[in-house]
Protein chains: 2
Amino acid sequence: MSRAKEFDEAEVLDQAIELFRVRGFQATSFADLTSELGVSRQSLYDTYGDKQTLFHAALERYRQRFLDFLHRLMETPGPIRPLLDQLFQGAVSGSCSSGNPGCLMVNSMVEMAPQDDAIRALSLAHARDMERIFTTRLIIAQRNGDLSPTKDPVALARYLHHTLLGLSVAARALGERETLIQTAQLALLALD
Amino acid sequence: MSRAKEFDEAEVLDQAIELFRVRGFQATSFADLTSELGVSRQSLYDTYGDKQTLFHAALERYRQRFLDFLHRLMETPGPIRPLLDQLFQGAVSGSCSSGNPGCLMVNSMVEMAPQDDAIRALSLAHARDMERIFTTRLIIAQRNGDLSPTKDPVALARYLHHTLLGLSVAARALGERETLIQTAQLALLALD
DNA sequence: GTTTATATAGAACAATCGTTCCAAAACGGG
DNA sequence: CCCGTTTTGGAACGATTGTTCTATATAAAC
């Protein structure tokens, strides 16, 4: 077996995620990656391939992690409203020092979707995934008498997704956490 | 006076706006600008300064044009709801061939705000401007019995702005115009 | 200790970037 | 015609980019 790997592939990928979240794909140079990740160029190339491949791996990991989180959150029994409150609250609250860098998926959609076929396809797939998770939970809410049966679950699910896009952009560029929480409350009026 | 300018500064700026809208600031090279704008390098530098200065001029022009449009739209008398319908409809409808590139202000917020102090400041100023225009019109709507007096106009104004951010991102990355119109309708339920 | 795989660092690459300098051509007003 | 300005294109710049090659050191397994 010879020598063992000295860094945790997943852990380094997580650091790459944070870098790409803050600066975006283009503005993050390979030199930035090697210095901030503490791994040399050659090891990065050997382990993850080139910059674009590394980015796709980071984005896919981020996306999977987020979908898992959302799926688990939406499996929580009881009324749906506090779940969405928690979700939106998390979206507007910073996870980094010096502000909330926003969602990597959202940032990548804006930066790359019109020019990069793979990212555009991933954006659409991600939208479908989120809509599916929301729709499932909204139907359950309707069965529980928690949501009016006159509402269209699919349309509401898409609406929730699109609302999250706006919150992510606002959190990244504007900050103003309290204001965004107020917006989140107003957005959830669509459920009443 | 010697030789006259052969191109219209404002017109070329409009073309620059379209380029930056589609590709963003970083991904638009100076070579792209010279070829698509039909103006040589030296003329561009002489007229607008370097790439960053040109971008700021384009963004400022775009922003001013948009604020003028919004201001004029919100001065329309009568119920507020059809005005917002029209605004949101315009936001999700493409203005370019091959899809809607989204709002240049929104795209720039995502791409540059965390790293560029000037853009971040402009984003905040733009948010204040939009909130002010919306707030004024919402108060008028309340006076006309068009909007419940229990609503907070300022919070609603911010909400409308944040909703537009989401619509712009979704239109740029996902397309799906009909879906977005449905989302816009749901978003405006917050006024009821 | 030999083998095998990994880690690191230096060098070099071709390409692209934004930018500047320069010279020649084109145009309008005196 | 001449002057002043603008336009254009070629050339070159220094810097940065992503990427590859190479060599050397390091650690674990046999």
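Since the structure is predicted, the reported quantities are computational estimates derived from the model, not experimental observations. In the text below, chain A, chain B and the rest are named by the order of the sequence lines, each starting its count at 1.
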Could you list all N or O pairs between the protein and nucleotides 17-19 of chain D that sit under 3.5 Å apart?
{"from": "D/dG18", "atom 1": "OP1", "to": "A/K51", "atom 2": "NZ", "distance (Å)": "2.7"}
{"from": "D/dG18", "atom 1": "OP2", "to": "A/F30", "atom 2": "N", "distance (Å)": "2.8"}
{"from": "D/dT19", "atom 1": "OP1", "to": "A/D50", "atom 2": "OD2", "distance (Å)": "3.3"}
{"from": "D/dT19", "atom 1": "OP2", "to": "A/Y45", "atom 2": "OH", "distance (Å)": "3.0"}
{"from": "D/dT19", "atom 1": "OP2", "to": "A/K51", "atom 2": "N", "distance (Å)": "2.9"}
{"from": "D/dT19", "atom 1": "O5'", "to": "A/Y45", "atom 2": "OH", "distance (Å)": "3.2"}

Separation of [N] [atom2] from [X] [atom1] (nearest whole Å):
{"X": "B/Q42", "N": "C/dA25", "atom1": "CD", "atom2": "C1'", "result": "15 Å"}
{"X": "B/L44", "N": "D/dT7", "atom1": "CG", "atom2": "P", "result": "10 Å"}
{"X": "A/Y48", "N": "C/dT6", "atom1": "OH", "atom2": "P", "result": "13 Å"}
{"X": "B/D46", "N": "D/dT8", "atom1": "CG", "atom2": "P", "result": "11 Å"}

inquiry  = Quick test of your reading: applying salt bridge (Lys or Arg N to Asp or Glu O under 4.0 Å), list the pairs with at least one residue in residues 112-125 of chain A, sequence neighbours left out, ordered by first then second residue.
reply    =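 Checked against salt bridge (Lys or Arg N to Asp or Glu O under 4.0 Å) - neighbours excluded - the pairs reaching residues 112-125 of chain A are A/D117-A/R120.
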task = Sort and list the pairs that fulfil salt bridge (Lys or Arg N to Asp or Glu O under 4.0 Å) and have at least one residue in residues 75-84 of chain A, not counting sequence neighbours.
result = A/R81-A/D85
key: Qualifying residues under ring pair (Phe, Tyr, Trp, His ring centres under 6.0 Å), relative to A/F25, sequence neighbours excluded   =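 Applying ring pair (Phe, Tyr, Trp, His ring centres under 6.0 Å) to A/F25 gives A/F55.
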key: Which residues share a ring pair (Phe, Tyr, Trp, His ring centres under 6.0 Å) with B/Y159, sequence neighbours left out   = none
request  = Please determine, by modelled atom types, if A/S43 and A/D46 share a side-chain donor-acceptor pair under 3.5 angstrom.
outcome  =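 Checked: A/S43/A/D46 side chains show no N/O donor-acceptor pair below 3.5 Å.
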query = At under 4.0 Å, does any side-chain N or O of A/S43 touch on OP1 or OP2 of C/dA7?
reply = yes
note = In short, side-chain hydrogen bond (donor to acceptor under 3.5 Å, both in side chains) pairs touching residues 145-157 of chain B with sequence neighbours left out are B/S148-B/T150
